[in-house]
Amino acid sequence: MLGKIVDVIVDRPLGSKHPEFDMIYPVNYGYVEGIFAGDGEEQDAYILGVNEPVDKFCGNLIAIIHRLNDNEDKWVVAPEGMHFTKESIIKQLYFQEQYFESEILMQ
């Protein structure tokens, strides 16, 4: 799936509060409809490179965060042609991924 264009429905826009935890989302976060993750729910996706809240986004799947101590992976989606290093991805998603042991898969 890496390198594919996907549509993300955003249910936690940039600046919104997590429904259960004391956390504000510094990026847009949502899911890819019709693709299911290891937890049985639709595939979660972070959106990087979009600095305003959005309801939906069509972009390039640039990375997969493979969680080693969880049953689901997270996708990282960005505007076509925009690239991020692993270090940049880790830094931007630390707010949530700090709680998991993971590896980042990229093309």
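As the structure is a prediction and not an experimental result, all values here were calculated from the model.
Pairs passing the salt bridge (charged side-chain N to carboxylate O under 4.0 Å, His left out) check and including a residue from residues 10-38, sequence neighbours excluded, do not occur.
The shortest heavy-atom contact between A45 and V8 is CB-CG2, 4.0 Å. V76 approaches I89 most closely through the heavy-atom pair CG2-CG2, 4.2 Å. Heavy-atom minimum distance, P26 versus F95: CG-CD2, 3.5 Å. Shown here for E101 and N69, the closest heavy-atom pair between the two residues is N-OD1, 2.9 Å. Taking each heavy atom of E42 and G34 in turn, the nearest pair found is OE2-N, 2.7 Å. The heavy-atom pair separating P13 from N28 by the smallest distance is CA-OD1, 3.4 Å.
Side chains of Y29 and I47 form no contact here, defined as non-hydrogen atoms less than 4.5 Å apart. The shortest side-chain heavy-atom distance between I104 and M106 falls under the 4.5 Å cut-off. C58 is not listed as a side-chain neighbour of V6, based on a closest heavy-atom distance of 4.5 Å or more. With contacts defined as side-chain heavy-atom distances shorter than 4.5 Å, the pair L14/Y25 does not qualify. Counting heavy atoms from C-beta on, the side chains of V77 and I62 never come closer than 4.5 Å. The side-chain heavy atoms of I64 and L2, taken from C-beta on, include a pair separated by under 4.5 Å. Counting heavy atoms from C-beta on, the side chains of Y31 and Q43 never come closer than 4.5 Å.
For Y99, the OH atom counts as loosely surrounded, since its 6.0 Å shell holds 12 or fewer non-hydrogen atoms of other residues, nucleotides or ligands. Around CZ of F100, the count of heavy atoms belonging to other residues, nucleotides or ligands within 6.0 Å exceeds 12. Counting non-hydrogen atoms of neighbouring residues, nucleotides and ligands closer than 6.0 angstrom, the NE2 atom of H18 exceeds 12 such neighbours.
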Take I5 and E80 through the test side chain to side chain contact (heavy atoms under 4.5 Å, CB included) and record every step on the way to the result. CA-CA 8 Å; I5 301 300; E80 285 188 73; 3.5 Å; yes
Could you please spell out the steps behind the side chain to side chain contact (heavy atoms under 4.5 Å, CB included) verdict for V50 and F57? CA-CA 9 Å; V50 177; F57 179 74; 3.5 Å; yes
Could you please spell out the steps behind the side chain to side chain contact (heavy atoms under 4.5 Å, CB included) verdict for D44 and W75? CA-CA 6 Å; D44 292 330; W75 287 5; over 6 Å; no
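In this structure, the separation between CZ on F84 and CG on L48 is 5.0 Å, given to the nearest 0.5 Å. Atom CG in D55 sits 10.5 Å away from atom CD1 in I9 (nearest 0.5 Å). In this structure, the separation between CD1 on I65 and CD on Q96 is 9.0 Å, given to the nearest 0.5 Å.
The side-chain hydrogen bond (donor to acceptor under 3.5 Å, both in side chains) test with D70 singles out one residue from K74, R67, H66, and that residue is R67.
Using a 3.5 Å distance cut-off with no hydrogens or angles, the side chains of Y46 and Q92 do not pair a donor with an acceptor.
The hydrophobic clustering, which links ILVMFWY residues whose side-chain heavy atoms are closer than 4.5 Å, places I24 and L93 apart.
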